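Written below as structure tokens is the structure these notes are about.
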Amino acid sequence: MNENSGAQRWWHGSVLYQLYVRSWRDTNGDGFGDLNGVIEGVDYLSWLGVDGIWLSPTMPSPDQDWGYDVADYLGVHPELGTLDDMDRLIAEAGQRGLRVLLDLVPNHTSTAHPWFVDAASSRDSAHRGYYVWADPEPGGGPPNNWLDATGHSAWAWHEPTGQYYLHLFLDSQADLNWFDPAVHREFEQILRFWFDRGVAGFRIDVAHGLYKDAQLRDNPPVDHPGPLAGRFGQEQKYSANRPETHEVFRDWRQIAEGYRPPRLLLGETWVGNLDGLARFYGDHDELQLAFNFPFVFSSFAAPGLAAVVAETHAKLPPGACPVWTASNHDVGRFPSRWCGGDERQARLALLVLATLPGTTVLYYGDEIGMTDVAVPPALRQDKMSADNDAWQGSRDRGRTPMQWDASPTGGFTASGVTPWLPAGDTAACNVADQRQDPASTLSLCRDLLALRRAEVGGQIADYEELAASETLWAYRTGGLVVAANFSGQPARLPGPVGEVLLASSGEVPPAGEPVTLQPWQGIICRYATSAADSPD
Ligand code: GLC
Ligand code: CA
């Protein structure tokens, strides 16, 4: 184990807030959220009690995939603002103790990126080797069976130079060739450019990607297709998840640890098993944080969640910091996905997310229990999920404007402006109303974050499962005990509990006596060392 294994880091016990910039707050009336909107909202985020924000892509992009097709890694998308705005945002956030993470896309670039434009200009151009080019099969056709994220061949024919190029996402997102050392040098400079400006770290897009099989072997079929096992019937054995990728993160970790405070690398590690997830932490020398997709895709039930959390703790290297999240711009919002729009369930989910040890990442709107929005086909903006159901519906459902108030555009933009995606039911769910109501989901979320900071902030608290039945999940973390009723029936706890600090909904039960949890109610209690005082 290396020197980083026991180090204290600001993200331990923290809460990060994923902010989809385009949908958060529009300050110039063009219907798109912008960096000035984030600056206007930093007081809100500081009031809410998060520790840092992760901004969805902010770099110049033709927006075929809304910023995940980068055309310049060292700039700011003009629609979102300027480099000065970014500097101001980092400074304003910093004054309130909030760190700013950017989204980095190292698996592919836009085909509008000057590297690709040059690479496509001729076979012996300076940047040809930055991308994955291949000749047709001897009998014609694409070099192998790999599929892109829309379910079609991942190879696009490039007539002028007579080769295919690889794109695991849209054909306007060309995959980089990480076997080329120049690509490594480019990204090391990109990291330093932003770290030097005070960016606290990166969320790394498609962190399980980067390297591809050198021989471009066919992917094998997958037995049970699903969001985690593989898409469109294929296991991504050769098109992703390659061992060489870990070397990249070892290099980047050294760069990140060279800064004071050390910069954070948070990977979008889309892998289906927790052994694979654990590998991204390396020996405390790769990513400091890795998104846990088995948790994201667990059913919202006591046995499933308890099992993933226990296995995560068993598999992660000692001292590694787990990451918990339940909504994002790809999978949609948990109040819909997990909770079917039932507010009690969403509040219970927030209580669990806020008490699991490690780092919790909330998605904008989670704090008010925002649900997915059914975006009519004519108004959809996401090309990748347009004509395939691998994303379980259009991803636009989870990208609609932040609901600040009850007005038709939800206070996201000026009245009369058409937002880029339609707002949801702003009258039913918005920040302004919930901020005034001490019983609202927003007030609960703020109380939960304050409790988290006071009790487990700055540490990776330990985790001990106390009960995991069909409907009841109870655990101790640090000096807290959490008991959660995952059912529509009352649930009696087997023994008395310590002082009850908070309940997700309904009355806070009194301490001492055997407690009956209401349907979908969770409670946080003080851990009482006497065995008789804990729930089992
Ligand atoms: C990641 C992003 C997703 C994007 C894809 C391609 O999965 O989260 O939104 O479409 O990568 O960059
Ligand atoms: Ca705007």
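FYI, the numbering just counts along the sequence from 1. Atoms within each ligand, like the ligands themselves, are counted from 1 in listed order. Remember, predicted model here, so these are calculated numbers, not experimental data.
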>> Under 4.0 Å from a heavy atom of H108: which atoms of ligand 1 are those, numbered in the order shown and with their elements?
In response: 6 (C), 12 (O)
>> With no hydrogens and no angle check, just 3.5 Å: does a side-chain donor-acceptor pair link D180 and N177?
In response: no
> Less than 4.0 Å between a side-chain N and a carboxylate O, is that true for E92 and R96?
Replying inline: yes
> By number and element, which atoms of ligand 1 are closer than 4.0 Å to a non-hydrogen atom of H329?
Replying inline: 2 (C), 3 (C), 8 (O), 9 (O)
>> Would R88 and I39 count as a side-chain contact (heavy atoms from CB on, under 4.5 Å) here? Give the steps.
In response: CA-CA 8 Å; R88 223 154 32 88; I39 294 171; 3.8 Å; yes
> Should the heavy atoms of other residues, nucleotides or ligands under 6.0 Å from NZ of K315 be counted, would the total exceed 12?
Replying inline: yes
> Which residue owns the protein heavy atom closest to atom 5 (C) of ligand 1, what's the atom, and how far is it?
Replying inline: F169 CE2, 3.7 Å
>> Checking a contact table here: which protein heavy atom is nearest atom 10 (O) of ligand 1, and how many Å away?
In response: D65 OD2, 2.6 Å
> Hey, does H208 sit under 4.0 Å from ligand 1 if you only count heavy atoms?
Replying inline: no
> Near the Ca ion (ligand 2), which protein N/O/S atoms fall under 3.0 Å?
Replying inline: D26 OD1, N28 OD1, D30 OD1, F32 O, D34 OD2
>> Less than 3.5 Å apart, any donor N or O on the side chain of S110 or H113 sitting next to an acceptor on the other?
In response: no
> So which heavy atom in the protein is nearest atom 2 (C) of ligand 1, and how far is it from that ligand atom?
Replying inline: D205 OD1, 3.0 Å
>> If I compare all heavy atoms of A406 with all of T426, which pair ends up nearest, and what's the gap?
In response: O-OG1, 3.3 Å
>> Among all protein heavy atoms in this structure, tell me which lies nearest to atom 7 (O) of ligand 1, with the distance rounded to 0.1 Å.
In response: E268 OE2, 2.8 Å
>> Does only the side chain of K383 get under 4.0 Å from ligand 1, or the backbone, or both, or neither? Count heavy atoms.
In response: neither
> Against heavy atoms of R395, which atoms of ligand 1 measure under 4.0 Å?
Replying inline: 3 (C), 4 (C), 9 (O), 10 (O)
> Among F195, W252, F193, which residue meets the ring-ring contact (aromatic ring centres under 6.0 Å, His included) test with F202?
Replying inline: F195
> Can you tell me the protein heavy atom closest to atom 8 (O) of ligand 1 and the distance?
Replying inline: D330 OD2, 2.5 Å
>> Run the salt bridge (Lys or Arg N to Asp or Glu O under 4.0 Å) test on R380 and D382 for me, step by step, so that the C-alpha distance in whole Å, both residues' side-chain angles and the decisive distance to 0.1 Å come before the verdict.
In response: CA-CA 6 Å; R380 287 191 191 153; D382 179 36; over 6 Å; no
>> Run the side-chain hydrogen bond (donor to acceptor under 3.5 Å, both in side chains) test against W47 and tell me which residues pass, sequence neighbours left out.
In response: none
> Would the F179 and Y211 ring centres measure less than 6.0 Å apart?
Replying inline: yes
> With ring centroids as reference points, do F232 and H152 lie under 6.0 angstrom apart?
Replying inline: no
